Number of protein chains: 2
Amino acid sequence: MPTPQTLDRTLTALADPTRRAILQRLSSGEARVTDVAQPFNMSLNAVSKHILVLERAKLVKRRKVGRDHYLSYRPEPLDAAAKWIAETRTFWASRLDALEQLLRDEDAANR
Amino acid sequence: MPTPQTLDRTLTALADPTRRAILQRLSSGEARVTDVAQPFNMSLNAVSKHILVLERAKLVKRRKVGRDHYLSYRPEPLDAAAKWIAETRTFWASRLDALEQLLRDEDAANR
DNA sequence: TTTACATTCAACCAACAGGTTGAATATATT
DNA sequence: AATATATTCAACCTGTTGGTTGAATGTAAA
């Protein structure tokens, strides 16, 4: 299970369409910072910052070759987040079953 | 599939431990704003703002009874987010299979 | 060795997030 | 009618986000 802070970083990184697009691009293979930035309608520096956020969340790894930085997609945090959400959903759903909810509603109505 | 903006809102809402704790609290049944705020070490107003974020993400629904506002947890956006992540992960993983990655690495090496 | 390229660093800015306090509003209770 | 409770609204503050531009750094190519 991811530590809360790890989860925060993963979800924050994913909660931005530019960063999701970067991940999608990298899912088809390594690319340099410039390559990743090319399709976006913003400065290279802006994309570089987004990449930093993804690195902090360990969704992207960097391999330096001379002046080029090759970026690659790392699926592990996504796996962990998906697992956390699925487990949490199950747990929460179990606390919302029909009978329990009915009893709580009655309790609330009688207050 | 959730619209990108919906996904943004869901992930943003989930990327905060206070808001996750609020959802957890509500997963065991309805509660009023004051009840939800009680355990937190912050002002009622701060919690009220967090609830607004959760409402915007449709993770919480509000039912007003007199001066009391009863809040309830809505799992649907969580389901949608989990589904999106799972599908995306599968899609991205399929583009990262061993052969394709090998070919791309050779291509990169020969540049 | 000069020039071009890939990238970050640094400073700045506007908008937003997350918190505060104080007042306003609406409803209950006495 | 007066008071207490539940909640939001409004203004404010501080720190962060997401963007910009310009300069610095390191490496490759002419």
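All values below come from the heavy atoms of this structure, side chains included, with hydrogens, waters and symmetry mates left out. Below, read A as the first sequence line, B as the second, and so on, with proteins coming before strands; counting in each chain starts at 1. What you see is a predicted model; the values in this text were computed from it and never measured.
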Asks: Given atom CG of A:D68 and atom C1' of C:dT7, what is their separation to the nearest angstrom?
Replies: 9 Å
Asks: Calculate the interatomic distance between A:K64 atom NZ and C:dT7 atom C1'; express it in whole Å.
Replies: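 Distance check: A:K64 NZ to C:dT7 C1' gives 9 Å.
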Asks: In this structure, how many angstroms lie between the P atom of D:dT5 and the CD atom of B:Q38, rounded?
Replies: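 Going from B:Q38 (CD) to D:dT5 (P), I get 15 Å.
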Asks: Could you measure the distance from the CZ atom of B:F40 to the OG1 atom of B:T18? Nearest 0.5 Å is fine.
Replies: 6.0 Å
Asks: Has A:T12 got a side-chain atom pairing as donor or acceptor with A:R9's backbone, closer than 3.5 angstrom?
Replies: no
Asks: Do any of residues 10-20 of chain A sit with a heavy atom less than 4.0 Å from DNA chain D, and if so which?
Replies: A:D16, A:R19
Asks: Between C:dT7 atom C1' and A:R62 atom CZ, what is the distance in whole Å?
Replies: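 Roughly 8 Å, once rounded to whole Å.
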Asks: Roughly, in whole Å, what's the span from CD1 in B:I22 to P in C:dG18?
Replies: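 These atoms are roughly 11 Å apart.
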Asks: Please round to the nearest 0.5 Å and tell me the distance separating atom CD of A:E30 and atom CG of A:D35.
Replies: 10.5 Å
Asks: Same cluster or not: are A:L44 and A:M42 linked, directly or through other Ile, Leu, Val, Met, Phe, Trp or Tyr residues, by side-chain heavy atoms under 4.5 angstrom apart?
Replies: yes
Asks: May I have the distance from B:R32 (atom CZ) to C:dT27 (atom P), rounded to whole angstrom?
Replies: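 From B:R32 CZ to C:dT27 P: 16 Å.
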Asks: Tell me which residues in residues 42-59 of chain A put a heavy atom below 4.0 Å from DNA chain D, sorted by number, or none.
Replies: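 Those residues are A:M42, A:S43, A:N45, A:A46, A:K49, A:H50.
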Asks: Once you round to the nearest 0.5 Å, how far does CD1 of B:I51 lie from CG of B:L59?
Replies: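 One gets 12.5 Å once the value is rounded to the nearest 0.5 Å.
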Asks: Would you kindly give the CZ-to-C1' distance between B:R67 and C:dT29, to the nearest whole Å?
Replies: 7 Å
Asks: Can you run down the side-chain hydrogen bond (donor to acceptor under 3.5 Å, both in side chains) pairs that involve residues 45-60 of chain B, sequence neighbours left out, and say none if there aren't any?
Replies: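 Matches after skipping sequence neighbours: B:R19-B:H50, B:E55-B:R62.
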Asks: Which atoms form the tightest heavy-atom contact between A:L71 and A:V36, and what is the distance?
Replies: CD1-CG2, 4.2 Å
Asks: Below 4.0 angstrom from OP1 or OP2 of D:dA6, is there any side-chain N or O of B:H69?
Replies: no
